[in-house]
Amino acid sequence: MPKQNSVSRHIVLTSHPSRSGPKPIAINWGAADPMQRGPVIATLTKSAHRNVIGTHSGGYAVYRALAVASGSLQSDHIADLTNTSPTERIGPYPSWSVADKIVSLDPYGAIASEVFASYYEQGYDIRPTIAITKAHINMPELQEAIAKGRLQVDGKIMKPGGDLVVTKAAIEPVWYLPGLAKRFNITEGELRRALFEQTGGMFPELVTRSDLEVFLPPIGGLTVYIVGDLEAIADPNKPLAVRVHDECNGSDVFGSDICTCRPYLVHGIEVCVQTAQEGGAGVIVYCRKEGRALGEVTKFLVYNARKRQEGGDRADAYFERTECVAGVQDMRFQELMPDVLHWLGITRIDRMVSMSNMKFDAITQSGIEIVERIAIPDDLIPQDARVEIEAKKAAGYFTTGDVLDANSLADVKGRGLE
């Protein structure tokens with residue numbers, strides 16, 4: 001029997017500020033004292049308390065709507081957060097109180113129930129936007145690395161049988177619109193209008209509520225996997241390895257060999273383990289940006305275009321085929337990516353496991369030093385992924401190997417559609 005929702009069926013439009021009644025709690029982004037900064041309140045149970053645009057859970061909020069519509073979920077449900085506090089403490093760090101260092105996540109998102117306890121006691125429905133827990137992960141490639149002697153079982157970080165002990169954090173995006181606009185060198189008005197128009201007018205408050213400066217966008221967030229001592233992450237005297245990895249479901253999960261994503265991800269984890277076992281720490285940042293943030297449908301269309309074009313799948317046409325379909329080569333725009341590194345208190349990365357200049361430039365321009373860049377080892381590149389890797393190297397991606405000239409690049413071909 002479906003649950004009956006007890007709330008009124010009267011629809012209240014919230015696209016314009018109320019001329020009467022109490023104003024919502026202000027958010028003073030970048031304030032060092034969390035109580036002066038103010039909590040992020042995206043509640044749907046008390047509209048007068050809301051001080052942001054959007055709601056929690058990103059794209060999953062649509063599933064929540066389906067659950068409410070079907071009667072499976074009470075629309076006024078308030079989460080019981082008993083025993084959900086972080087298993088490990090991260091921060092606060094000085095970067096948390098620099099307004100332009102972190103603009104795409106709430107640094108207090110994991111400890112909201114602690115620092116905003118007085119608001120909870122007053123009945124404010126404040127939800128965490130970051131959750132931190134511990135886990136074991138086990139991947140066949142790590143077991144192979146142990147068998148070949150590249151990784152050692154120490155009983156603490158790497159357990160017998162190949163279990164890797166990690167601390168992991170799930171992070172929902174929380175966008176401070178003035179800071180976001182500054183990061184992209186546009187006006188806040190331009191940003192708000194584009195977000196409103198390109199989402200089909202989904203959030204009218206973007207253009208009608210200039211008093212609300214924080215937006216919870218309906219997109220996927222990111223997950224951080226930490227190997228080793230958490231305190232070593234922010235200690236510039238201890239080695240730190242980092243890989244920032246953008247989601248690739250086909251390779252990461254199902255092992256598709258058209259790209260280097262899973263091999264590079266696993267290599268990054270291996271470097272993180274080695275660094276942690278040296279007394280430092282390793283960090284994997286896994287971002288939900290499928291298909292260069294173009295989406296998996298677009299990615300598969302590009303695959304078809306690459307394989308069917310005249311001359312077959314060629315390295316010299318690798319980026320061109322993406323741009324023909326999507327209108328742009330890449331929409332990941334790494335300008336926001338360093339925020340999570342500043343949330344972790346990182347000031348120096350000893351081993352950056354990445355060939356991407358976009359990532360390197362974004363990180364170093366944000367004030368974080370990178371000592372060494374690590375390209376994917378040649379023997380980890382699947383044969384069909386040669387098209388991708390040689391095209392990237394020719395386009396200027398970091399490499400310690402040879403870069404092919406135009407003629408040689410045209411000779412690098414992948415297999416056809418099979």
Side-chain angles (χ1 to χ4, degrees), residues 83-93 110-111 128 130-171 222-245 247-248 251-255 260-287 340-341 343-354 368 370-377 379-380:
N83 294 329
T84 63
S85 60
T87 56
E88 298 282 355
R89 182 83 181 204
I90 294 177
Y93 294 108
I111 53 176
I130 300 175
I132 303 171
T133 188
K134 297 183 74 70
H136 288 198
I137 62 175
N138 195 312
M139 305 173 75
E141 294 92 336
L142 297 180
Q143 297 177 28
E144 180 182 347
I146 293 171
K148 292 184 175 180
R150 297 197 306 270
L151 293 180
Q152 305 298 318
V153 173
D154 57 30
K156 181 180 179 182
I157 295 173
M158 184 65 75
K159 299 281 189 178
D163 275 10
L164 176 61
V165 179
V166 299
T167 298
K168 59 183 183 179
I171 302 176
L222 55 88
T223 311
V224 181
Y225 290 83
I226 301 168
V227 183
D229 182 9
L230 266 70
E231 293 185 0
I233 296 175
D235 187 344
N237 297 312
K238 292 186 178 181
L240 176 66
V242 172
R243 172 156 179 80
V244 177
H245 188 91
E247 178 182 25
C248 177
S251 178
D252 296 341
V253 179
F254 294 100
T260 59
C261 294
R262 181 181 172 96
Y264 214 169
L265 172 61
V266 174
H267 183 61
I269 295 173
E270 189 172 323
V271 174
C272 285
V273 174
Q274 293 167 344
T275 306
Q277 291 180 331
E278 293 171 10
V283 173
I284 300 290
V285 179
Y286 194 87
C287 305
V340 64
L341 306 180
W343 174 68
L344 291 166
I346 294 173
T347 57
R348 168 189 166 115
I349 298 171
D350 295 274
R351 299 164 185 162
M352 182 69 189
V353 189
S354 174
I368 296 173
I370 294 178
V371 178
E372 178 187 5
R373 301 172 72 177
I374 299 176
I376 184 172
D379 61 352
L380 294 182

**Report entry** Qualifying residues under side-chain hydrogen bond (donor to acceptor under 3.5 Å, both in side chains), relative to S354, sequence neighbours excluded
**Finding:** none
Report summary line: Applying side-chain hydrogen bond (donor to acceptor under 3.5 Å, both in side chains) to K156 and not counting sequence neighbours gives none
Can you tell me how far [atom2] of [Y] sits from [atom1] of [X], rounded to the nearest 0.5 angstrom?
| X | Y | atom1 | atom2 | result |
| --- | --- | --- | --- | --- |
| I157 | Q152 | CD1 | CD | 12.0 Å |
| I233 | L341 | CD1 | CG | 10.0 Å |
| I130 | T223 | CD1 | OG1 | 11.5 Å |

Query raised in the report: Is the closest basic N to carboxylate O distance between R351 and E278 below 4.0 Å?
Result: yes
Query raised in the report: Would you call E141-R262 a salt bridge at under 4.0 Å N-O?
Result: yes
Requested in this report: Show your working on side chain to side chain contact (heavy atoms under 4.5 Å, CB included) between R89 and I111 and close with a plain yes or no.
Outcome: CA-CA 9 Å; R89 182 83 181 204; I111 53 176; 3.9 Å; yes
Does any N or O in the side chain of [X] come within less than 3.5 Å of the main-chain N or O of [Y], such that one atom is a donor and the other an acceptor?
| X | Y | answer |
| --- | --- | --- |
| K148 | E144 | no |
| N138 | G161 | yes |
| Y286 | L222 | no |
| D252 | C248 | yes |
| D350 | V371 | no |

**Report entry** Side chain to side chain, K134 and E88, heavy atoms closer than 4.5 Å
**Finding:** yes
Query raised in the report: Side chains of I171 and W343: does their closest heavy-atom pair fall under 4.5 Å?
Result: yes
